[in-house]
Engineer: 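Provided herewith is a single structure, encoded as structure tokens, for subsequent inquiry.
Below, each value reflects all heavy atoms present in this structure, side chains not excepted, and no hydrogens, waters or symmetry copies.
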Amino acid sequence: MALINGRLPLSICRGSRCVSQPCLSRDYHRTSVLRKDEKTITSTTILLQDGTDIEELPAVVRIINGEFKLHSNGKSQAGRRLEGLGLEVPQVSKNIFKNINFEEEQEMILGFMRCSKVGEVFQLLEVCPEAEVTPSVALAVIKRIFDLENNVEWRNQGLNQYPEESPLNFTRGAVMKHLVEVICSSSDSQLLVEALRTMGRDNFQGDRQKYLESLCTECMVVVTEGKMNISQVCDCARAFHNLGTTGVPYVEQVWAGIIDRGDDIKEKELCDIVSILPIIKKSRKYLYNMVERKLTGLWYKLAAEDVVRILQVLVQLKMSGNRVLSMLSRWTNLNIHNLTEGNLRWIVYSFMSLGYTDPEIQKALNRFMKVKKTSVNDASLVAVAVDYCVKKRLRLPDVLDTAGRYFIERSSKLTVPQVNSICRAFGLLNQEPPDAPAFFYALEQQLDEKFVQFPPNMMIDLLLSCVYLKRYPLLFVKKVFSPHFFDNIHSLEPADIHITRTKLKVLDQALCLEASSQYAGPMLPKDHRMKSLWRDARIHRCINIIQEPLVELVGSQERISSSVILPGFPATDLYIVDCIVDMAGRLSLKSFQWSNNKYALLVHPPEHFLGGEDVLVGPQAMRVRHLNLCGFRVVNLKSDKIMKYRVYPEQLKNYLEESMKLTTLESK
């Protein structure tokens, strides 16, 4: 099918003829009838262009007497553009109950509320004049029926109110159908929304499809006619979703009622749209892009609760669009003085879950902690803040300083996860805590008092974080290397057992190397089995890139060994040496001897360094120390520099030569 002005043509069927018209706003194709009554709704898909993107979205078309009626009531964007094509625009239904007295209506509702059985409701409906059963009364009757049916507290839960062949079973279906028809005759959009929401409480096991579809159809007609505001459309979407399989097809089609009122979107409406994104699939991307555009002019008007709601939805959907998160982080920094500790905790947690950071959110955290210091009442906020620093490898000075002093003053009131979050951060970030003697004394007390409360994997992580800072937990050696602790390790999930045992071997090796005079180790047997270990593909690629210039520098390929697992070390990727240069000749692991004429070249990807700094994270710094203790001259290479110089052989060779300082070493 040929494109007309960049769009597909719109085919409008009249009887047996099809008239092709150029589509000015939407393109319709592939329809299928959902209902066949006085208001037939068909589903279709349209191609909608949004900038350079073209989305295929579900939509609704109403057919009356075999003709397409594209409803807009002359108000929506679609209606305004299609009126010139001669398509009929429906009129708003007349409110035939406008002369009912409000007091009489309320009295009628109270009469139904006095009924204590469903049968009494049916009997009262039978004697009521039909003209007095207004849409509001009909909705109240439906609510009362659901209240009585669902009131299992005051009746036998095993009682079946509608046994098979029961007259009430047939009566209920007829009554509900009539009440829904009365509600559908109303022009009150909010009443329709409330009725649709109420249907989510309907637990009837019989045939309820007809009256549910009637109400859903009427609501969709009102939505597409542009008679509902955005909040009501979002309420409809949630109500459709709660109806299960009956309402799900309609959920995907409510987007049309939102974009036609795009000019009405303010802060509240923006949050309402975001709140329904989890229940929408096909049109989610289009609505998200619209939210992103609208947020550009509204972000500074949002309230704290609005920002938290938006971030929670983004976390739920794992949508980490930098443009939206950038605006929300700017909002956080602008309003940091007005945020409660609970709000800030959720905001930081959301940014951490989405893996996002920028100078604005970092500045906001530093400002908040600098002012609050140790007067923070919410310990979880401190824990989440340092967890965020760990995940993004940030040494925010005010955050870490406040966390360290907070732990010293209030360590006895912290839970086990909070102790773990605060204390491990300093080791992983290779940062000495403030007032280090007092900090480690408080940590020692907490580990001693709550040792059995710590999961074994968490305990080993904490002890390793101390080793990263050259603090050796020798007092806990007997507790850790004990049969009871080993049994606790094997009570973990199967996937965690191997990781925890490997970390325990690293702890044993670290104490043997760094605290050999006080540590009566090794406590664990050496692992002599050959294992296949995971290797970062970036590191492996860099090793291949530096092979040729490295041979030119050292003079022989035999002096170079790649990806070496050192004898006696735990079989873990932490102790794999990316490249060893042995100036004495070919490296032999069978007759391996430590000497100072061997060079250990370590290739570090960006995550081995702290964010924005050339400082290695705690585990990598410990790795360098251990190789130095074994007599290696450690050469730290950055993977991004190697990749940058890969097309410049001379610069790559100069980078390696400068790092290894071969000229100085040869002169010695």
Side-chain angles (χ1 to χ4, degrees), residues 341-342 344-346 348-349 352-353 365 369 372-480 482 484-485 488-489 491-492 496 499-500 503-504 506-507 510-511 617-619 622:
E341 293 181 2
L344 183 60
R345 182 182 72 248
W346 276 109
V348 174
Y349 173 79
M352 178 178 66
S353 300
L365 267 179
M369 292 299 183
K372 285 286 187 176
K373 298 188 182 298
T374 57
S375 63
V376 177
N377 294 320
D378 189 354
S380 297
L381 171 59
V382 180
V384 168
V386 294
D387 282 341
Y388 178 72
C389 292
V390 168
K391 182 167 184 177
K392 304 307 298 180
R393 308 185 315 280
L394 299 172
R395 289 206 296 197
L396 302 181
D398 293 312
V399 174
L400 294 178
D401 185 74
T402 298
R405 299 187 186 282
Y406 188 89
F407 179 77
I408 294 171
E409 293 186 11
R410 306 193 186 187
S411 58
S412 59
K413 299 179 181 179
L414 299 178
T415 64
V416 166
Q418 290 168 351
V419 171
N420 177 63
S421 294
I422 295 175
C423 295
R424 74 188 182 102
F426 292 94
L428 292 173
L429 296 175
N430 201 7
Q431 172 71 37
E432 190 77 7
D435 196 0
F439 179 90
F440 285 106
Y441 177 74
L443 175 59
E444 183 180 299
Q445 284 186 318
Q446 291 303 304
L447 293 182
D448 188 44
E449 293 175 6
K450 302 176 180 178
F451 188 87
V452 296
Q453 299 179 29
F454 281 87
N457 50 351
M458 187 182 293
M459 174 59 70
I460 295 174
D461 284 338
L462 266 177
L463 298 181
L464 275 175
S465 68
C466 295
V467 174
Y468 298 154
L469 296 175
K470 303 181 182 180
R471 303 280 179 164
Y472 309 111
L474 299 174
L475 295 178
F476 300 97
V477 169
K478 291 184 178 180
K479 291 184 178 181
V480 170
S482 66
H484 178 70
F485 192 81
N488 289 339
I489 292 177
S491 66
L492 297 172
D496 295 330
I499 296 175
T500 305
K503 289 181 179 179
L504 189 60
V506 173
L507 177 64
L511 293 177
V617 296
M622 182 187 72

Engineer: Using 4.0 Å as the upper bound for N to carboxylate O, is an ion pair formed by E432 and R471?
Structural biologist: yes
Engineer: Can you find a heavy atom in the side chain of E341 that is under 4.5 Å from one in the side chain of L381?
Structural biologist: yes
Engineer: Yes or no on side-chain contact (heavy atoms from CB on, under 4.5 Å) for L511 and Y472, after CA distance, side-chain angles and deciding distance?
Structural biologist: CA-CA 7 Å; L511 293 177; Y472 309 111; 4.0 Å; yes
Engineer: Take atom NZ in K391; do more than 12 heavy atoms of anything else shown fall under 6.0 Å from it?
Structural biologist: yes
Engineer: Looking at every heavy atom in both R410 and S375, which two are closest together, and how far apart are they?
Structural biologist: NH2-CA, 3.9 Å
Engineer: Look at the aromatic rings of F426 and F439 and report parallel, tilted or perpendicular, splitting at 30° and 60°.
Structural biologist: perpendicular
Engineer: What is the distance from atom CG of L469 to atom CG of L464, rounded to the nearest 0.5 Å?
Structural biologist: 11.5 Å
Engineer: Would you say that N457 contacts I499 through its side chain, given a criterion of any heavy-atom pair below 4.5 Å between the two side chains?
Structural biologist: no
Engineer: Begin from the C-alpha positions of Q453 and V416 and carry the test side-chain contact (heavy atoms from CB on, under 4.5 Å) through to its verdict.
Structural biologist: CA-CA 7 Å; Q453 299 179 29; V416 166; 3.7 Å; yes
Engineer: To the nearest 0.5 Å, what is the distance between CG (L463) and CZ (F454)?
Structural biologist: 9.5 Å
Engineer: Taking atom CZ as the centre, does F451 end up with more than 12 heavy-atom neighbours from other residues, nucleotides or ligands that are less than 6.0 angstrom away?
Structural biologist: yes
Engineer: How long is the span from the SG atom in C389 to the CG atom in L428, to the nearest 0.5 Å?
Structural biologist: 12.0 Å
Engineer: Identify the two heavy atoms, one from F440 and one from P433, that lie closest to each other, and give their separation to 0.1 Å.
Structural biologist: CE1-CG, 3.8 Å
Engineer: How long is the straight-line distance from NZ of K450 back to OG1 of T415, given to the nearest 0.5 Å?
Structural biologist: 7.0 Å
Engineer: Where the side chain of T402 meets the backbone of M369, is there a donor-acceptor pair that is under 3.5 Å apart?
Structural biologist: yes
Engineer: Return the minimal non-hydrogen interatomic distance between I489 and L504, and the atom names on each side.
Structural biologist: CD1-CD2, 4.0 Å
Engineer: What's the shortest heavy-atom distance between C466 and L443, and which atoms?
Structural biologist: SG-CD2, 3.6 Å
Engineer: First locate atom CG of N420, then atom OG of S465, and finally report the distance between them rounded to the nearest 0.5 Å.
Structural biologist: 8.0 Å
Engineer: Sequence neighbours excluded, which residues qualify as salt bridge (Lys or Arg N to Asp or Glu O under 4.0 Å) partners of R395?
Structural biologist: E613
Engineer: Quick check: closest heavy atoms across M622 and V467, and the distance to 0.1 Å?
Structural biologist: SD-CG1, 3.8 Å
Engineer: Under the rule for salt bridge (Lys or Arg N to Asp or Glu O under 4.0 Å), what residues qualify as partners of K479, not counting sequence neighbours?
Structural biologist: D448
Engineer: Just how far is it from atom CD1 of I460 to atom CZ of F476, taken to the nearest 0.5 Å?
Structural biologist: 14.0 Å
Engineer: Taking all non-hydrogen atoms of both residues into account, name the closest pair between Q446 and F407 and its distance.
Structural biologist: CG-CZ, 4.3 Å
Engineer: Any non-hydrogen side-chain atom of T500 less than 4.5 Å from a side-chain atom of M458?
Structural biologist: no
Engineer: Please assess Y388 against L394 for the test side-chain contact (heavy atoms from CB on, under 4.5 Å), listing each intermediate value before the final yes or no.
Structural biologist: CA-CA 8 Å; Y388 178 72; L394 299 172; 4.2 Å; yes
